[in-house]
Protein chains: 2
Amino acid sequence: MSSACLLSRMAKKLPLSDDALEMVARRFAVLAEPMRLRLIQNLFEGEKNVNALVEATGGTQANISRHLQTLTQASVLARRKEGLQVFYSIADPSIYRLCELVCGSLEKQAVRQAEAFGTD
Amino acid sequence: MSSACLLSRMAKKLPLSDDALEMVARRFAVLAEPMRLRLIQNLFEGEKNVNALVEATGGTQANISRHLQTLTQASVLARRKEGLQVFYSIADPSIYRLCELVCGSLEKQAVRQAEAFGTD
DNA sequence: ACTAAACATGCGCATATACTCATATACTTG
DNA sequence: CAAGTATATGAGTATATGCGCATGTTTAGT
């Protein structure tokens, strides 16, 4: 598995290989769905089971289950089975900062646009 | 324009509205394409015109132009026209940390997987 | 004004993926 | 073992989007 080697090029400001770029792109793609972000946001409060997430988000059970699968396969979430229920939790702590960064950036943009229009 | 208000909820650990979630998701989606990441990576070296980016990435001119448009509309890149040429550059400095964070996270994952397999 | 260069864009195709509905699986309890 | 509950998944559909091809637009030079 050469991924570690490939990805470490980033820290050294070296160009990433095609494989590495696809991995990074895929990571961003996993976070590029509003419902998945809503799930992540809910899990910021702590571990929750599927039913709790279904009720909290207002989505259908099937859809939520699929999104949770996507997030888990990407190692963003962790899965813990306890009897009939399955509990999900944030597995990748970098998600916090990632969301903070994007929100901060978007907020700055919004403020600039608001100022440009003289509103607010 | 209430975006600024909505997004600021993030910093206070409050739930984001549907609109805010869609904005964040869209931001991630813009970064979820290998070719766009390659362009961004190339622009880490500094401002470049379209032709230079076409040659550096090996993509077609039409495709590169479209990706640059996507990135510019998302305010990730800035566009500067000078005669016949158009120069693009990184407009959103948060992109650096964003990429670093994801790369670091993926690298950790890869290392763990490598260790689990006993390879490396 | 004509030509060429640099970049952008309309269009069609192919693929990916989010969603819903129905059903399957796993586990607990009586 | 039967029934019920919590979760996962197969199938089908609709939408989005990346790509290539051709063409359009803007600007510089003669």
Side-chain angles (χ1 to χ4, degrees), chain A residues 18-19 21-43 46-89 91, chain B residues 18-19 21-43 46-89 91:
Chain A
D18 292 11
D19 289 350
L21 282 178
E22 279 186 23
M23 285 186 191
V24 176
R26 193 178 178 111
R27 174 66 120 201
F28 281 126
V30 166
L31 301 174
E33 290 300 318
M35 184 57 93
R36 284 201 284 269
L37 291 177
R38 195 192 300 265
L39 288 169
I40 290 173
Q41 195 178 232
N42 265 278
L43 291 174
E47 193 188 47
K48 292 189 180 181
N49 64 15
V50 179
N51 214 357
L53 290 168
V54 168
E55 291 178 0
T57 60
T60 66
Q61 186 269 323
N63 198 25
I64 298 302
S65 181
R66 279 231 148 71
H67 283 309
L68 290 172
Q69 180 184 237
T70 300
L71 288 165
T72 305
Q73 282 180 348
S75 296
V76 172
L77 299 186
R79 206 184 108 112
R80 184 177 66 86
K81 205 170 178 179
E82 185 180 318
L84 266 181
Q85 301 179 350
V86 176
F87 290 86
Y88 286 91
S89 58
Chain B
D18 292 12
D19 288 350
L21 282 179
E22 279 187 24
M23 284 186 191
V24 176
R26 188 167 180 96
R27 175 66 121 201
F28 280 126
V30 166
L31 300 175
E33 288 302 316
M35 183 57 94
R36 285 201 282 269
L37 291 177
R38 195 193 302 265
L39 288 169
I40 289 173
Q41 193 178 232
N42 264 279
L43 291 174
E47 193 186 48
K48 291 188 181 184
N49 65 16
V50 178
N51 214 359
L53 290 168
V54 168
E55 291 179 0
T57 59
T60 65
Q61 185 268 323
N63 199 25
I64 298 303
S65 181
R66 279 232 146 71
H67 283 309
L68 290 172
Q69 180 185 236
T70 299
L71 288 164
T72 305
Q73 283 181 345
S75 296
V76 172
L77 300 186
R79 205 183 108 112
R80 184 177 66 85
K81 205 168 179 181
E82 183 179 319
L84 268 182
Q85 302 179 349
V86 175
F87 289 87
Y88 286 90
S89 57

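None of the values given here were measured: they were computed from a predicted structure. Labels below follow one simple rule: chain letters A, B, ... track the order of the sequence lines, proteins then strands, and each chain is numbered from 1.
Note on A:Y88: only backbone sugar-phosphate atoms sit closer than 4.0 angstrom, heavy atoms only; bases stay farther off.
For C:dG10, the base has a donor-acceptor partner in the side chain of B:R66 [N/O atoms by modelled type, under 3.5 angstrom].
Computed from coordinates, the A:L68 CG to D:dA8 C1' distance equals 11 Å when rounded to whole Å. The CG atom of A:L31 sits 14 Å away from the P atom of C:dT17 (whole-angstrom rounding). For the pair A:R80 CZ and D:dA6 C1', the computed distance is 15 Å after rounding to whole Å. In this structure, A:R36 atom CZ and C:dA18 atom C1' are separated by 8 Å, rounded to whole Å. Going from atom CD of B:E22 over to atom C1' of D:dA16 covers 14 Å, rounded to whole Å.
By the 4.5 Å heavy-atom criterion applied to side chains, A:D18 and B:R38 are counted as neighbours. Counting heavy atoms from C-beta outward, A:L37 and A:Q41 have side chains that stay 4.5 Å or more apart. Counting heavy atoms from C-beta on, the side chains of A:T57 and A:M35 come closer than 4.5 Å.
Each of A:H67 and A:L84 has a nearest nucleotide on DNA chain C; the 5'-most of these lies closest to A:H67. Between B:Q69 and A:E33, it is B:Q69 whose nearest contact on DNA chain C lies nearer the 5' terminus.
When all heavy atoms of B:V50 and B:Y88 are compared, the closest pair comes out as CG2-CE1, 3.6 Å.
When the options B:I64, B:V76, B:L77 are evaluated for a side chain to side chain contact (heavy atoms under 4.5 Å, CB included) with B:L39, the one that passes is B:I64.
Every residue two or more places apart in sequence or in another chain was checked for a salt bridge (charged side-chain N to carboxylate O under 4.0 Å, His left out) with A:R66, and none qualifies.
Shown here is B:R80, whose CZ atom has more than 12 heavy atoms of other residues, nucleotides or ligands within 6.0 Å.
The nucleotide whose nearest atom lies closest to any side-chain atom of B:K81 is, among C:dC11, D:dG10, D:dT26, D:dT26. In this structure, the nucleotide among D:dA6, C:dC7, C:dG10 sitting nearest to the side chain of B:R79 is C:dC7.
DNA chain C lies under 4.0 Å from at least one heavy atom of each of the following residues of residues 47-65 of chain A: A:T60, A:A62, A:N63.
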